[in-house]
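See structure below.
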Amino acid sequence: MNKWKWIVGTIIAVVLLIFAFIVGFKLGHRIRHIAIIGAGAAGSSAAFFLHKQLLTLGDRDKVEITVYEKESKVGGRAALIHPYNDSKYDPAEIGASIYASVNLHLVRAIEQFGLNPAYRIIDDNHVSYLYNGKTILVDMDNVSSRYNLLSLTRLNMLTETSVHHFLRLYQRNFQLLNGPFRTVAAYVKAIDLKPQLNESGFRFLVNNGVDEMTVNEFVDSLTQGTYGQQVTQLHAVMTIIAMAGRGQSIKGGNYRIFGNHFKSLFSDVRDKITKVDYVQQHVTLFTTNATHLGSSYMKMNIPISLLVTRYRERQNSTNNLNLNLDVESMHFSTLLYPRNERLVKLFSPNYLDDSKLVEIVGSRANIGWIYRKMWYAYPRAPPRNDTIFPPINPDKGLYYVNAFESFISTMETQCVAAHNIIRLFLIDFGYDEKVATLADDYWIDTAI
Ligand SMILES: CC(C)=CCC/C(C)=C/CC/C(C)=C/CSC[C@H](N)C(=O)O
């Protein structure tokens with residue numbers, strides 16, 4: 001009897017085990033693991049959108065999301081440093097430093113996370129100039145004293161029109177008809193920015209009634225300050241973005257917009273991704289008690305900023321004019337209390353050694369703390385006739401958010417591209433397209 005009990009008991013236990021195994025196996029298969037590589041603007045917003053969409057769809061527990069990041073902080077190229085690595089001094093942005101009020105993801109995140117937009121306090125004698133490597137051309141707060149008013153008005157109009165085209169991407173009805181996008185070319189067509197993509201900023205603006213001097217000097221200084229590329233080399237979409245970039249930054253660092261929740265190991269999937277040529281940009285921060293710029297920059301008080309145009313160099317390719325063009329832009333902070341020093345931020349295409357810094361502030365001034373960082377900052381973005389971009393969806397189950405970067409490179413557009421990818425992902429994994437679009441409280445229902 002005992003023997004039979006033991007045999008029946010064993011059979012029941014084995015059946016239960018097989019049943020548990022099958023159920024467990026099936027359940028196990030219902031859990032999907034999603035890896036997001038990089039916790040910059042794109043990766044952290046992709047994680048955020050995916051989490052939110054799944055919550056709305058009631059399936060959050062079926063997906064495990066892991067964000068892999070090689071740095072100890074989120075934010076990617078939205079990054080900060082404190083002078084002297086000492087938190088008693090206000091930090092400086094060393095990467096993407098501003099956002100605009102039309103950057104709806106960023107504005108929404110700033111509100112949701114209770115972040116504080118920072119305004120710069122500017123002291124007397126602190127002005128912003130446009131420099132051509134030899135002479136100061138104009139005070140940037142008074143550009144109409146040098147450039148044709150009609151041209152400046154045209155610039156504003158052309159910027160506003162392109163921004164309006166772009167803002168269609170946030171509208172629910174537009175997205176129901178056109179999105180999500182499986183290629184960057186589909187984006188370009190849907191928001192009708194092909195003419196701007198096909199031409200350099202210079203050609204596009206001049207063809208649309210802006211005079212050459214304004215483009216060659218004023219707009220060139222903005223494309224160089226923003227994207228490290230000359231207005232003759234950059235496509236007109238990115239040129240216009242450089243002009244739309246009057247904005248503000250977040251107190252305590254723009255990286256805060258992207259949260260600080262993900263820390264893990266870094267892993268690499270680059271072999272599936274088309275190589276994109278990025279512009280190397282060097283950021284050099286240093287502190288100094290200088291009150292004047294060095295004599296090679298003319299006898300001049302420390303400005304707030306010096307933006308540079310390469311127009312004279314373009315005209316005279318041998319540089320026998322001895323132009324001072326090693327630095328693309330300079331920004332000076334107010335005094336760092338209690339030190340009698342300012343923080344200077346330089347962007348340049350090449351490494352700036354200590355002797356260059358001495359040349360900039362003159363040998364009589366002291367240089368305190370120095371920090372250098374090289375970024376692969378922005379994709380090289382020449383005008384292009386073709387609309388072949390890196391693939392958004394290079395392989396089954398593999399999505400490349402930054403395929404969008406060669407079209408438009410900003411923090412905001414990384415969020416736009418991430419949201420699009422989460423919708424593609426949900427559709428590819430079996431959710432109804434309309435459900436995936438409408439599940440979201442993301443869209444704007446009225447025209448902007
Ligand atoms: C397509 C057009 C013309 C506009 C789209 C609106 C948009 C994305 C504007 C961004 C303006 C801006 C803040 C420019 C500053 S440069 C970008 C910044 N460094 C960043 O990485 O976000």
Side-chain angles (χ1 to χ4, degrees), residues 80-95 97 120-142 145-146 217 220-221 224-225 228 280-313 316 319-375:
L80 278 189
I81 184 115
H82 290 272
Y84 293 93
N85 292 318
D86 183 340
S87 58
K88 88 165 167 273
Y89 300 114
D90 279 349
E93 296 284 354
I94 54 166
S97 34
R120 223 165 22 160
I121 303 158
I122 295 165
D123 55 13
D124 295 345
N125 303 324
H126 226 66
V127 269
S128 195
Y129 293 115
L130 174 52
Y131 179 65
N132 67 1
K134 209 65 171 177
T135 41
I136 297 294
L137 300 178
V138 69
D139 174 342
M140 288 297 267
D141 291 329
N142 188 17
S145 64
R146 180 171 175 90
E217 295 179 3
D220 190 46
S221 73
Q224 295 220 89
Q280 288 186 19
Q281 201 163 45
H282 291 258
V283 186
T284 310
L285 298 188
F286 68 96
T287 58
T288 178
N289 61 355
T291 51
H292 288 83
L293 286 184
S295 53
S296 63
Y297 283 87
M298 305 185 331
K299 215 164 169 34
M300 170 183 166
N301 282 346
I302 294 289
I304 304 176
S305 66
L306 202 62
L307 287 167
V308 170
T309 168
R310 297 194 104 91
Y311 177 47
R312 290 195 76 183
E313 183 190 62
N316 212 302
N319 197 3
N320 54 9
L321 298 169
N322 252 334
L323 299 174
N324 243 326
L325 292 172
D326 297 317
V327 178
E328 278 160 348
S329 66
M330 289 187 205
H331 301 278
F332 292 81
S333 77
T334 48
L335 288 173
L336 297 177
Y337 181 79
R339 284 176 196 267
N340 188 27
E341 288 181 347
R342 295 181 194 277
L343 180 67
V344 188
K345 176 161 71 169
L346 310 175
F347 286 103
S348 59
N350 298 307
Y351 182 90
L352 301 176
D353 62 17
D354 292 2
S355 65
K356 188 77 204 165
L357 309 188
V358 171
E359 192 187 314
I360 289 168
V361 290
S363 53
R364 288 223 207 111
N366 279 335
I367 290 185
W369 170 85
I370 305 178
Y371 170 87
R372 294 180 176 91
K373 162 104 188 152
M374 196 279 283
W375 294 105

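As the structure is a prediction and not an experimental result, all values here were calculated from the model.
In this structure the side chain of Ser145 reaches within 4.5 angstrom of the side chain of Val138, judged on heavy atoms. Two residues are said to be in side-chain contact when any heavy atoms from C-beta on lie closer than 4.5 Å; Asn350 and Asp326 fail this criterion. Side-chain contact between Trp369 and Leu343 is present, with heavy atoms from C-beta onward closer than 4.5 Å.
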>> For Arg310 and Leu325: C-alpha separation, side-chain torsions, deciding distance, then whether side chain to side chain contact (heavy atoms under 4.5 Å, CB included) applies.
In response: CA-CA 7 Å; Arg310 297 194 104 91; Leu325 292 172; 3.5 Å; yes
> What's the verdict on side chain to side chain contact (heavy atoms under 4.5 Å, CB included) for Leu336 and Arg342, showing C-alpha distance, side-chain angles and the deciding distance?
Replying inline: CA-CA 6 Å; Leu336 297 177; Arg342 295 181 194 277; over 6 Å; no
>> If you apply the rule side chain to side chain contact (heavy atoms under 4.5 Å, CB included), what do you find for Thr288 with Ile302, and how did you get there?
In response: CA-CA 11 Å; Thr288 178; Ile302 294 289; 5.6 Å; no
> side chain to side chain contact (heavy atoms under 4.5 Å, CB included) between Asn85 and Ile81: does it pass, once the steps are laid out?
Replying inline: CA-CA 7 Å; Asn85 292 318; Ile81 184 115; 3.5 Å; yes
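Looking only at distances, no side-chain donor or acceptor of Ser128 sits under 3.5 Å from a matching main-chain atom of Ile304. Judged by distance alone, the side chain of Gln224 and the main-chain N or O of Val308 form a donor-acceptor pair under 3.5 Å. A distance-only check finds a donor-acceptor pair linking the side chain of Lys345 to the backbone of Glu93 [under 3.5 Å].
One finds the OH atom of Tyr129 at 13.0 Å from the OG1 atom of Thr135 (value rounded to the nearest 0.5 Å). One finds the CG atom of Asp90 at 13.5 Å from the OH atom of Tyr337 (value rounded to the nearest 0.5 Å). Rounded to the nearest 0.5 angstrom, His282 NE2 and Glu328 CD are separated by 10.0 Å.
Contact record, Ser221 with Met140: OG-CE, 3.8 Å, taken as the closest heavy-atom pair. Closest approach of Asp353 to Ser355, counting heavy atoms only: OD1-OG, 2.8 Å. When all heavy atoms of Pro338 and Lys88 are compared, the closest pair comes out as CD-CE, 4.2 Å. Closest of all the heavy-atom pairs between Tyr84 and Gly368 is OH-CA, 3.4 Å. Closest non-hydrogen pair, Met330 versus Ile360, comes out as CE-CG2, 3.9 Å. Across all non-hydrogen atoms, the minimal contact from Ser363 to Val358 is CA-CG1, 3.8 Å.
Checked against side chain to side chain contact (heavy atoms under 4.5 Å, CB included), Thr309 has the following partners two or more places apart in sequence or in another chain: Leu130, Asn132, Leu137, Glu217, Asp220, Tyr311.
With respect to the salt-bridge test (charged N to carboxylate O, under 4.0 angstrom), the residues Asp354 and Arg372 qualify.
When only modelled atom types and interatomic distance are considered, Tyr89 and Glu341 share no side-chain donor-acceptor pair under 3.5 Å.
For CZ of Arg146, the number of neighbouring non-hydrogen atoms (other residues, nucleotides, ligands) closer than 6.0 Å is greater than 12.
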Identify all side-chain donor-acceptor contacts of residues 289-298 below 3.5 Å with residues at least two apart in sequence or on another chain.
{"from": "Asn289", "atom 1": "OD1", "to": "Asn366", "atom 2": "N", "distance (Å)": "2.7"}
{"from": "His292", "atom 1": "NE2", "to": "Asn301", "atom 2": "OD1", "distance (Å)": "3.2"}

